[in-house]
Amino acid sequence: MKQIKLNGIWDLKARNVAENNYSVKKGSKFTMNIPGSVQDTLIEKHIVPDPYVEKNELETMFIGKSDWSISRKFNLEKTDSKYVLKLEKVDTIAVLYINGFEVKHFDNEHQIHFIDVTDYVKNGSNDIAFEFTASEKVAIERNRKLKYPIPCSRYKNDSPNRNLVRKTQCNAAWDWGLCLQTIGIYEDVVLYECENYVLQAFSVLPTLNNGVWTLKTEAFITAYKKCEVSVDLTVAGCSAGKKATLKKGENRVVFNCFVPEDSVEKWWPNGYGEQPLYKAELSVEDFKLSRMIGFRTIKVKNERTMGGKELTVCVNGVDVFCKGANWIPLDARPLRMTAKRFDEIMLSVKEANMNMLRVWGGGWYEKEEFYNACDKYGILLWHDLMFSCSTYPTDKWFLESVEKELKDQMHRLKSRTCIALWCGNNECLGALGWYEETISHLKRYLKDYKRLYTNWIDKIMKDEDPDRMYWPSSPCAGPGDYSDNWHSDGNGDMHFWTVWHERKDFEVYHSVKPRFCSEFGYQSFPSLSEVKSFASGRDLNLSSSVMEHHQRNDEGNQIITEMFMRYFRVPVGFENQLYLSQVQQAWAIETAVTFWRSLMPYCTGTLFWQLNDVWPVSSWSSIEYSGKWKALQYAAKRFYSTVSPVLYKEDGKLYFKVANDGKTEAKVSASLMLVNFNGQVVKSLKKKTVVQPLSCFEIKEFKLADLDCENTFVLANVNGLEMSLFLAKPKDSDIQKSGLKIKAVTKTESGFEVNLECNKPAFFVMLDAGSVKGRFEDNFFTLCGEKTVLFRANEKLTLTQFKKALKVYDLYSSSEEKV
Ligand code: BMA
């Protein structure tokens, strides 16, 4: 077997061009790198401006509305072998030509293709070309021909009818994303010269019985004629294999490999143990593929417990509290999705004590590098299938397209150690209640919904990955239940959006007791350095048209600024407004998570919306587009600690509890202080205790009526981890000028040490290193006295440069008028 990579420089030509303000016309020619996208190419060549800056998105949208072709030549010493072309992430509507012959049509970005091109290639020089058609045109045309409407959710500045093309749905814009209808190919283009078959993929699924791991091994092989082969697997010093007779067409060769339990170490989610990975190599004669696997068992339980139906992820027999956030694609520009960035962001996930991400259904099946990082850092995945906020067609062509997509992706992904469950879609069940058409013809749309997800996808998933949970939709009450589970907290998973979309008080998070909350979010603005990456001068104002362009939720800015008034004193100036928005976001999510963690084991998971951003924008993310942590990510590091203080007010009482989501009991020394705003301790208590796994233990409760709420706050400490809580709204609390200052900054072996000091308690203290890459070991805390915080830089810089970038914010100074 030989591989010929057709990556590298291709010719790019504009076939039909939508109106634009640049020199791009029908017939314009450029060169382009494959893997790559037309958008990335034109941006990098400075033909069009960067869509992430100001309102340039509007200037680049014509690219996605135009038709393009890419082509190149390659040489071949043609033999008697078979020639098979592997194509993955072809985006999206395209026709492949080889030497002028039409070879194949593409219309589903999520499929993986192995195309027999033997009859098209020749000895010597060959021409290969793809003609791309704008997916928007195809979507509009498909919509025109529909027998009845297939509605989908619409967003600011979006591309219509995105649900009629199997392409990353959020390319068409979202309520946090720009419209970048990319065109291109994002994986290697590989031509295999092979004998009579191609090994497309293989999977290894471990189960543990009586001290032995059984690895169910499947090899997916396409044969071009009947032949005998030997299929062999080696992993962790063990091997197994099978002689198989392949029939012409698709083959699945299945056998088991046995590995003694004590010859390998178990893989655990982050916080529960290590993540050892072993190389599994499968060969069909000289055709070899390998992948890294971890040994673990995984089960998602959906039993009737505690008066409803749980959704509990159980790894190696241990029930896990799933803590994390929702994942959207790493970038709107495919070329920027590098292994380094996946690794860096996953390290941020791990460092914030998260153990699960939800791969949200409006994105795509991720690149290998994403799953590599999840396996490496112990990040479990709740993995949606790629359907989101929409109804979808159920005609034969669509169902067949989805069937191939799912089979291809299951073969590729099902032996990923990190994947805990598959989920049918994001909010598509809920969406039946959103549109005029679906509301007035609910029967018809529910029938279509069941046809797609229950009678079609469900069956494919049961065939392809029978041992992994297939959860019908997020949110939903469970299999066979088509009720609207959005805000119903008794069964399965819920999405709780009342606080954000309905502008309710943060305390309203306490009004529900979720079994599993897979979405709840609160927006903030990006930090000043991030804003400066897309706005400058007069645009540094919340209601400038550039800032509004970088806010895609219609009411977003109003909701954020209204909350300033509800809880805080109005911040002075743009910079403090950005800062305070991050304070309230972190506070909102902390209010939800700490309370829901106090319900363990009734509640078994909280995944906030959302971890990341595809471009610099005001959104619900906890990590900015650049990778910089917002206040929320720092807060998460605390509220997602295995053993953490839980402080909340409810029914006129203040509760102090300790949560432990670890796999063993925790020895705890807990203390609580009531402190006045001058910094004097009014009351204190200390307790040593033991907290059982997956539970929350009450240390003490107080009647709020007995406390001087406007003049004191609470400071809790559990095994050295501090958290605090206001007893009254901050605007009603008698906070004093803190005198917060940076006393000294020194450069050490591990980074920069920042010594902070205040003479009165300082709240929501936020250190900010501007655009310097790296993060603080601790940040966004309450400071009483002095503290030294380490900043680990991910780039080389001098002490002077660091000092210049460094700033510190706190609550009091954010509203300090300089009049
Ligand atoms: C959710 C998601 C997304 C959306 C977010 C914010 O429910 O599933 O579709 O971006 O809310 O509105």
Side-chain angles (χ1 to χ4, degrees), residues 151-159 162-163 168-180 324-330 332 357-364 381-392 423-435 471-476 484-489 492-504 509 512 514 516-525 550-560 581 585 588-589 592 605-615 617-623 625 630 632:
C152 69
S153 297
R154 303 295 307 267
Y155 304 99
K156 260 194 203 171
N157 194 33
D158 67 351
S159 173
R162 50 143 174 116
N163 53 336
T168 302
Q169 296 285 276
C170 65
N171 288 172
W174 216 264
D175 59 1
W176 37 258
L178 75 172
C179 183
L180 206 69
N326 281 264
W327 170 266
I328 61 172
L330 182 66
L357 292 177
R358 170 166 169 251
V359 180
W360 165 78
W364 65 352
L381 295 179
W382 168 310
H383 207 310
D384 287 359
L385 305 181
M386 296 301 132
F387 303 90
S388 183
C389 298
S390 182
T391 59
Y392 285 94
C423 168
N425 60 65
N426 171 67
E427 297 182 349
C428 295
L429 177 57
L432 297 179
W434 294 352
Y435 319 112
W471 187 246
S473 174
S474 183
C476 82
D484 182 352
N485 212 50
W486 271 60
H487 290 170
S488 125
D489 56 359
D493 72 320
M494 73 185 299
H495 290 185
F496 190 68
W497 279 99
T498 307
V499 174
W500 173 260
H501 286 301
E502 295 169 37
R503 304 177 178 215
K504 293 285 194 301
Y509 283 119
V512 288
F516 195 116
C517 196
S518 46
E519 263 190 35
F520 54 104
Y522 207 88
Q523 275 207 359
S524 66
F525 300 120
H550 287 249
Q551 164 61 274
R552 297 312 182 95
N553 184 210
D554 286 335
E555 302 287 290
N557 287 357
Q558 283 88 326
I559 301 178
I560 297 176
S581 77
Q585 177 192 32
I589 301 304
T606 60
L607 306 175
F608 64 74
W609 184 267
Q610 71 207 61
L611 181 82
N612 53 322
D613 277 323
V614 299
W615 70 315
V617 65
S618 302
S619 82
W620 299 269
S621 70
S622 57
I623 299 181
Y625 171 71
K630 285 180 175 174
L632 171 56

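Counting starts at 1 for both ligands and their atoms, following the listed order. The structure displayed is predicted, hence computed values, not measured ones.
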Just do the side-chain hydrogen bond (donor to acceptor under 3.5 Å, both in side chains) check on Thr391 and Tyr435 with the steps written out, would you? CA-CA 10 Å; Thr391 59; Tyr435 319 112; over 6 Å; no

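Looking at heavy atoms from C-beta onward, Ile560 lies out of side-chain contact with Gln585 at the 4.5 angstrom threshold. When side chains are defined from C-beta on, Cys179 does not count as touching Arg162, because their heavy atoms never get closer than 4.5 Å. In this structure, the side chains of Leu180 and Asn171 stay at 4.5 Å or more apart for every pair of heavy atoms.
Applying the ring pair (Phe, Tyr, Trp, His ring centres under 6.0 Å) test between Trp360 and each of Trp609, Trp327, Trp620, Phe387 identifies Trp609 as the sole match.
For ligand 1, the polar-atom distance check against His495 finds no nitrogen or oxygen pair separated by under 3.5 Å. Taking distance alone, with nitrogen or oxygen atoms compared against 3.5 Å, Glu427 approaches ligand 1 more closely than that limit. Inclusion of Glu519 in the set of residues having an N or O under 3.5 Å from an N or O of ligand 1 is warranted. Distances between N or O atoms of Trp174 and those of ligand 1 include at least one value under 3.5 Å.
No donor-acceptor distance shorter than 3.5 angstrom exists from the side chain of Glu555 to the backbone of His501, with no hydrogens or angles considered.
Trp620 counts as a contact of ligand 1, since one of its heavy atoms falls under 4.0 Å from the ligand. In this structure, His501 has a heavy atom closer than 4.0 Å to ligand 1.
Distance from atom 11 (O) of ligand 1 to its nearest protein heavy atom, with residue and atom name: Trp497 CZ2, 3.4 Å. The protein heavy atom nearest to atom 6 (C) of ligand 1 is Asp175 OD2, 3.3 Å.
Looking at residues two or more places apart in sequence or on another chain, you find a side chain to side chain donor-acceptor pair (under 3.5 Å) between Ser619 and Asp613, Ser621.
Close contacts of ligand 1 with Cys389, meaning ligand atoms under 4.0 Å from a residue heavy atom, involve 9 (O). Of all the atoms in ligand 1, the ones that sit under 4.0 Å from a non-hydrogen atom of Asn426 are 8 (O), 9 (O).
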